[in-house]
Amino acid sequence: LNLARKHLDEKYNKMLEEQNYHIDVEPDSIEEFRKDGNYYWSFKLLFGKKGTHGDFMGYVLVERKSGYCKIRGMFGG
């Protein structure tokens, strides 16, 4: 969860803050899965106006071994 939020803050939230938007993950949505021999945590990705919960826009995937984060959905491949 912390790695996913750090990734979003560094890559997106600093830029979005100027337009009064935010991007975050939904902590209770955590799931684990395996793909190509790697294990991932998956969180729902939320996007919306600052001060709102936000709308579902995809997933943030965190590779458990390396901590590498990537986005799947409207903001990524």
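On a predicted model such as this, the values are computed, not experimentally measured, just so you know. Positions are given from 1 along the sequence.
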Side chain to side chain contact (heavy atoms under 4.5 Å, CB included) between K65 and N38, worked out = CA-CA 8 Å; K65 190 174 184 180; N38 294 315; 6.0 Å; no
Residues T52, H22; criterion side chain to side chain contact (heavy atoms under 4.5 Å, CB included); working and verdict = CA-CA 9 Å; T52 67; H22 74 96; 3.9 Å; yes
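Contact check for E32 versus Y39: no side-chain heavy atoms found under the 4.5 Å cut-off. Inter-residue side-chain proximity for L46 and H53 is flagged as met; some heavy-atom pair is nearer than 4.5 Å. Looking at V25 and L8, their side chains come closer than 4.5 Å, going by heavy atoms from C-beta outward.
N13 places a side-chain N or O within 3.5 Å of a backbone atom of I23 that can act as its donor or acceptor partner.
The distance from atom CD of E63 to atom CG of L3, rounded to the nearest 0.5 Å, is 11.0 Å. To the nearest 0.5 Å, atom CG of residue D24 and atom CG of residue D9 are 7.5 Å apart. Here K35 contributes atom NZ and L61 contributes atom CG; the two are 8.5 Å apart, rounded to the nearest 0.5 Å. For the atom pair Y12 OH and L45 CG, the distance stands at 8.5 Å (nearest 0.5 Å). Taking CD from E26 and OH from Y59, the interatomic distance works out to 10.0 Å, rounded to the nearest 0.5 Å.
Of all the heavy atoms in F43 and V62, the pair that sits closest is CE1-CG2, 4.4 Å. Taking every heavy atom of both residues into account, Q19 and K49 meet most closely at O-NZ, 4.2 Å.
The aromatic rings of F33 and Y40 lie parallel to each other, with less than 30° between the two planes, well short of the 60° mark.
Few gaps surround CZ on F56; more than 12 heavy atoms of other groups in view lie less than 6.0 Å from it.
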